[in-house]
Colleague: 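I'd like to ask you about the structure that follows.
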Amino acid sequence: MSKFPHLRQDFAASIVVFLVAVPLCVGVAVASGVPAELGLVTGIVGGIVTGLMPGSSLQVSGPAAGLTVLVFEAVREFGVSTLGVIVLIAGLLQLAMGFLKVGHWFRAISVSVVEGMLCGIGLVIIAGQIYAASGLKAPETGIGKLVGLPGAFVDALGNSEALASLAIGAGTIAVIVLWKKMPKKAQAVPGALAAVMLATVATLAFSLPVATVEVEGLLGVIQPPGSEAFGELANPAIWGTIIAFALIASAESLFSAAAVDRLHDGPRTQYNKEMIAQGAGNTVCGLLGALPMTAVIVRSSANVNAGAKTKASRVLHGVWLLLFAAALPSALALIPIPALAGILVHAGWKLIPFRQIVPLWRAHRGEALILVVTAVAIVAVNMFEGVLIGLALSVAKTAWEASHVKLEVIDKGAGPIQAYLSGNATFLRLPKILDSLEALPQDRPIELDLSGLHHLDHACRTALENWADRHSAADTEPVKVTTP
């Protein structure tokens with residue numbers, strides 16, 4: 001035991017993480033439009049491959065609700081057979097970013113963009129999974145899903161099968177929410193697992209007409225990408241999806257790492273090594289034709305809270321997933337799909353930062369606006385372009401705030417008028433600067449002092465020189481400019 005001083009704590013934590021991971025792995029796979037077992041494959045790789053690598057010792061990787069929307073769109077557009085290639089190339093990009101030490105730069109991404117991304121994803125997941133919980137087909141677009149909800153409820157009310165399905169989904173959410181109020185001993189079983197087990201028992205006991213998970217067996221679903229799938233790389237559209245997978249999976253993993261570091265006092269995350277670990281995991285997932293992985297905050301926090309001390313807990317959770325997938329695949333066929341939809345509706349709800357939005361609006365309205373615009377763009381357009389819109393807004397806001405410039409005019413009534421510019425003179429503030437300077441009298445000598453500027457961009461310099469050349473009236477001394 002001295003060689004593994006924390007084996008007891010890590011073993012106990014691994015069981016808890018395994019029990020949390022099973023319904024999430026299966027639920028994310030079904031919601032992504034791929035066989036349930038592929039979610040387990042990604043969980044196994046996240047535990048055993050990524051789990052063994054250095055980076056962040058206590059965070060757990062697997063299929064993430066946050067990528068569900070992106071994976072579903074990719075599968076619909078390119079097919080399940082091409083998913084492996086997308087994940088493989090995204091994994092290789094993550095490896096390259098890790099080796100090039102790009103990892104820590106992800107910490108510079110605006111928190112508002114990330115929370116806006118999670119909020120948008122959460123809304124799309126909730127809307128999409130309400131259809132799944134009702135046994136109805138969801139519209140393809142994010143806006144379509146939201147707009148179609150009232151009609152879907154009306155359809156469900158007139159259909160006994162849809163009502164039974166919806167009742168199972170709603171019951172699952174209720175169990176997850178109320179489980180936290182149960183005695184501590186009962187809470188040893190994770191709420192999501194308890195909800196799925198109760199939903200399964202209810203479906204069997206009352207012979208409810210509810211769709212259940214289709215099972216193909218572990219070896220039946222593992223399909224390494226073939227030459228046809230690699231041929232899809234000639235399609236330019238696929239590269240946008242690959243880059244989106246790589247960037248969003250990396251951002252989610254590294255933000256999760258920062259959150260997990262706040263939960264424990266152990267070794268801190270090494271961001272570039274964690275990026276390499278995530279890249280290695282996604283490369284293996286791609287070769288197996290499985291779902292992409294990220295570090296997942298739900299499983300990671302469960303791991304820390306269960307008392308894990310080393311990476312052994314997450315590796316063992318991968319081993320238990322492998323044994324479950326190999327020995328008990330038929331158990332998956334009993335799970336009602338609306339129960340999995342309920343788990344994902346709850347997961348989507350937790351992605352929406354309700355508590356942060358109001359304080360953020362009071363303190364930093366610009367940041368709150370970025371969060372809302374990013375979320376709306378993801379729902380209205382798609383995930384990748386929504387994130388790009390958020391990032392562009394964030395950069396524009398930072399540039400605007402960084403270009404603070406002050407113009408001070410001193411006019412003593414006689415002698416030259418003195419104008420002092422200080423701060424950062426960029427093209428963003430140029431109209432305001434020129435309006436103030438052009439309002440100065442043309443029949444008086446003017447001295448423009450630029451020595452107080454920290455930064456003067458080319459556009460400003462050129463515009464100020466042009467103003468100085470043309471400002472003075474015919475019989476007045478030309479403007480004197482003191483450059484920084």
Side-chain angles (χ1 to χ4, degrees), residues 100-102 104-117 243 247 251 359-374 376-377 381 384-484:
L100 293 169
K101 302 195 184 306
V102 176
H104 62 277
W105 283 101
F106 277 85
R107 299 170 77 185
I109 295 174
S110 163
V111 175
S112 299
V113 174
V114 175
E115 292 195 332
M117 176 183 90
I243 292 165
L247 295 181
L360 192 64
W361 177 255
R362 286 180 185 146
H364 307 283
R365 294 204 168 174
E367 292 294 323
L369 193 66
I370 290 169
L371 189 157
V372 171
V373 170
T374 305
V376 170
V381 191
F384 186 44
E385 286 169 27
V387 171
L388 288 181
I389 288 167
L391 286 172
L393 264 181
S394 180
V395 170
K397 175 181 170 287
T398 305
W400 180 257
E401 287 178 346
S403 61
H404 277 304
V405 67
K406 184 182 175 188
L407 176 63
E408 189 180 0
V409 177
I410 299 172
D411 183 0
K412 295 176 181 173
I417 296 170
Q418 294 169 316
Y420 295 93
L421 264 179
S422 58
N424 297 300
T426 70
F427 69 95
L428 292 168
R429 303 283 176 165
L430 191 51
K432 184 182 173 185
I433 297 168
L434 288 176
D435 284 347
S436 301
L437 291 175
E438 284 167 356
L440 296 175
Q442 291 183 300
D443 56 354
R444 297 267 306 280
I446 294 172
E447 293 175 358
L448 177 61
D449 189 346
L450 306 180
S451 59
L453 289 174
H454 304 303
H455 174 72
L456 176 64
D457 72 9
H458 179 70
C460 266
R461 185 186 291 273
T462 306
L464 291 173
E465 285 171 356
N466 290 340
W467 168 81
D469 288 342
R470 68 174 189 272
H471 179 78
S472 300
D475 302 327
T476 314
E477 287 182 44
V479 176
K480 284 184 183 174
V481 181
T482 309
T483 53

Colleague: What distance do Gln418 atom CD and Thr482 atom OG1 have between them, rounded to the nearest 0.5 Å?
Modeller: 9.5 Å
Colleague: How close do Gly386 and Ala377 get, counting heavy atoms only, and between which atoms?
Modeller: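 So the two residues come closest at CA-CB, 3.7 Å.
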Colleague: Restricting to non-hydrogen atoms, name the atom on Leu430 and the atom on Cys460 that form the minimum distance, rounded to 0.1 Å.
Modeller: CD1-SG, 3.7 Å
Colleague: Kindly indicate whether the side chain of Ile433, heavy atoms from C-beta on, has any atom under 4.5 Å from the side chain of Val405.
Modeller: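 Yes, close enough: below the 4.5 Å cut-off.
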Colleague: Is Val113 close to Leu393 at the side-chain level, that is, under 4.5 Å between some pair of heavy atoms?
Modeller: no
Colleague: Measure the shortest side-chain to side-chain distance between Leu247 and Val387 over non-hydrogen atoms and say whether it is less than 4.5 angstrom.
Modeller: no
Colleague: Quick one: which residue pairs count as a salt bridge (charged side-chain N to carboxylate O under 4.0 Å, His left out) with a foot in residues 432-447, not counting sequence neighbours?
Modeller: Asp411-Arg444, Glu438-Arg470
Colleague: For Thr374, enumerate each residue passing the side chain to side chain donor-acceptor pair (under 3.5 Å) test, keeping only those at least two apart in sequence or located in another chain.
Modeller: none
Colleague: Please enumerate all residues that pass side chain to side chain donor-acceptor pair (under 3.5 Å) together with Asp457, with sequence neighbours excluded.
Modeller: none
Colleague: Suppose we screen for side chain to side chain contact (heavy atoms under 4.5 Å, CB included). Which residues come up paired with Pro478, at least two apart in sequence or across chains?
Modeller: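 Counting only residues at least two positions away or on another chain, Pro478 forms no side chain to side chain contact (heavy atoms under 4.5 Å, CB included).
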Colleague: I need the Thr483 OG1 to Asp449 CG distance, nearest 0.5 Å.
Modeller: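 These two atoms lie 9.5 Å from each other.
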Colleague: For Leu407, which residues count as a side chain to side chain contact (heavy atoms under 4.5 Å, CB included) partner, sequence neighbours excluded?
Modeller: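 Expected list: Val409, Ala419, Leu421, Ser436, Leu437.
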Colleague: Leu448 vs Trp467, test: side-chain contact (heavy atoms from CB on, under 4.5 Å). Steps then yes/no.
Modeller: CA-CA 11 Å; Leu448 177 61; Trp467 168 81; 3.9 Å; yes
Colleague: Going through the distances and angles, do Thr426 and Asn424 end up as a side-chain hydrogen bond (donor to acceptor under 3.5 Å, both in side chains)?
Modeller: CA-CA 6 Å; Thr426 70; Asn424 297 300; over 6 Å; no
Colleague: Indicate yes or no for a side-chain donor-acceptor contact from His471 to the backbone of Pro441 under 3.5 Å, with no hydrogens or angles considered.
Modeller: yes
Colleague: Mind checking what makes side chain to side chain contact (heavy atoms under 4.5 Å, CB included) contact with Ala368, not counting sequence neighbours?
Modeller: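 So Ala368 forms a side chain to side chain contact (heavy atoms under 4.5 Å, CB included) with Leu360, Trp361.
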Colleague: Could you note down all residue pairs passing ring-ring contact (aromatic ring centres under 6.0 Å, His included) where residues 405-457 supplies at least one of them, sequence neighbours left out?
Modeller: none
Colleague: Who pairs with Glu465 by side chain to side chain contact (heavy atoms under 4.5 Å, CB included), at least two apart in sequence or on another chain?
Modeller: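 Once residues adjacent in sequence are excluded, the partners of Glu465 under the side chain to side chain contact (heavy atoms under 4.5 Å, CB included) criterion are Arg461.
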